[in-house]
Amino acid sequence: FAADVKDNSFGVTFKNLEDANYSIIARATDAVGNIGESETSTLIIDTVLPTLGGVMVTFGNQTLTPSPNGTIQTVTGVPINIILSLKGGVTQAAILANNESYGLKPIQGTNLWTATLLFKISGVIPLILSAQDGAFNKIEKKLQTIFVEAPGKTYNSKTRSLLANVKISVFYFDFTSKTWVLWDGEGFGQKNPFITHPDGTYSFMVPAGRYYIQANLPGFHTLQSEIL
């Protein structure tokens, strides 16, 4: 921005700046081309409180649609992503969920912020948005409620004891090749096959389709589920 200079002082008029924190440097050039710069200062434009726009929850490349009562369903140990629009010069934001805080990161060049959520316990968990702008104004706003399902468990059918280190593989029916293939979980932030935890638990969340699960552990018969 070119400044208006008069009697060794200068001024700049900014128009239509959105709420945000702006880094400002003054640069001056004399008659023979010498250039001087000021230290960086912060200009805070704050006309409104932090404002929430749209909210979207995704799972891989799939959008999770809320139920009629506004609840979104997921599974313990499976990462999901939340993307939301924030205006009003927000400088920091987080999702609060069941005593956990998930920091939101801005997507450069947009008003969008995103975070990855991963729940360790099952149950009904409300999501709360906490946001702060450059003038330290804060808001908290309730978002969707998440219903987190408990993980699956592997156990010895005779002793009923839980089994660790079981190899769990998910297969899906590929309608193009008309064959059953190992589901690629990487695009959804999951390992497949999955080795059960010391407590015998495992978790998967998959897109719509036809699937079955296979469980392998040395010394035991291979177990295959019904087609789901």
Side-chain angles (χ1 to χ4, degrees), residues 19-21 46 48-108 110-155 162-166 168 170 185-192 194-207:
D19 281 24
N21 286 19
D46 181 48
V48 296
L49 292 174
T51 303
L52 173 66
V55 180
M56 181 171 64
V57 180
T58 63
F59 154 63
N61 59 3
Q62 310 279 315
T63 299
L64 296 178
T65 304
S67 65
N69 66 1
T71 300
I72 289 176
Q73 192 167 350
T74 185
V75 183
T76 57
V78 173
I80 59 176
N81 298 311
I82 186 167
I83 304 170
L84 45 81
S85 173
L86 290 172
K87 289 190 174 184
V90 173
T91 56
Q92 60 185 48
I95 299 296
L96 310 179
N98 202 31
N99 298 321
E100 295 280 349
S101 178
Y102 300 90
L104 286 155
K105 295 182 179 180
I107 299 176
Q108 295 300 318
T110 72
N111 291 319
L112 301 177
W113 293 64
T114 184
T116 298
L117 313 180
L118 192 147
F119 302 102
K120 299 177 183 178
I121 61 173
S122 60
V124 178
I125 301 176
L127 300 184
I128 306 294
L129 166 68
S130 174
Q132 177 178 294
D133 65 17
F136 305 106
N137 297 308
K138 295 181 179 181
I139 64 163
E140 285 195 356
K141 187 175 180 63
K142 183 177 179 181
L143 304 177
Q144 284 96 340
T145 297
I146 304 293
F147 174 66
V148 184
E149 291 192 6
K153 295 182 179 180
T154 54
Y155 58 90
L162 295 172
L163 295 173
N165 300 316
V166 180
I168 306 291
V170 177
E186 277 194 19
F188 296 86
Q190 300 170 70
K191 293 181 179 180
N192 185 36
F194 181 90
I195 306 300
T196 58
H197 296 297
D199 62 357
T201 60
Y202 68 94
S203 56
F204 288 103
M205 190 163 74
V206 297

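Quick caveat: nothing in here was measured; it's all calculated off a predicted structure.
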Treating Thr58 as the side-chain partner and Gln62 as the backbone partner, does any N or O pair qualify as donor plus acceptor under 3.5 Å?
no

Those residues at least two apart in sequence (or on a different chain) that pass side-chain hydrogen bond (donor to acceptor under 3.5 Å, both in side chains) with Asp19 are Thr47

Rounded distance (nearest 0.5 Å) linking atom CD1 of Ile83 with atom CG of Leu112:
7.0 Å

Tell me whether the rings of Phe119 and Tyr102 are parallel (<30°), tilted (30 to 60°) or perpendicular (>60°).
perpendicular

Value rounded to 0.5 Å, distance of CG in Leu86 from CH2 in Trp113
7.0 Å

Can you sort out the partners of Glu186 under side chain to side chain contact (heavy atoms under 4.5 Å, CB included), two or more places apart, ordered by chain and number?
Asp184

Thr196 side chain vs Val166 backbone, donor-acceptor pair below 3.5 Å
yes

Return the CD1 to OG1 distance between Ile82 and Thr116, rounded to the nearest 0.5 Å.
10.5 Å

Given 3.5 Å as the limit, does a donor-acceptor pair link the side chain of Asn192 with the main chain of Val170, or not?
yes

Any donor-acceptor pair under 3.5 Å from Thr74 side chain to Val148 backbone
no

How long is the gap from OH on Tyr155 to CG on Leu163, to the nearest 0.5 Å?
10.0 Å

So CG of Leu127 and CD of Gln144: to nearest 0.5 Å the spacing works out to 7.0 Å

Do Asn21 and Thr91 have side-chain N/O donor and acceptor atoms under 3.5 Å apart?
no

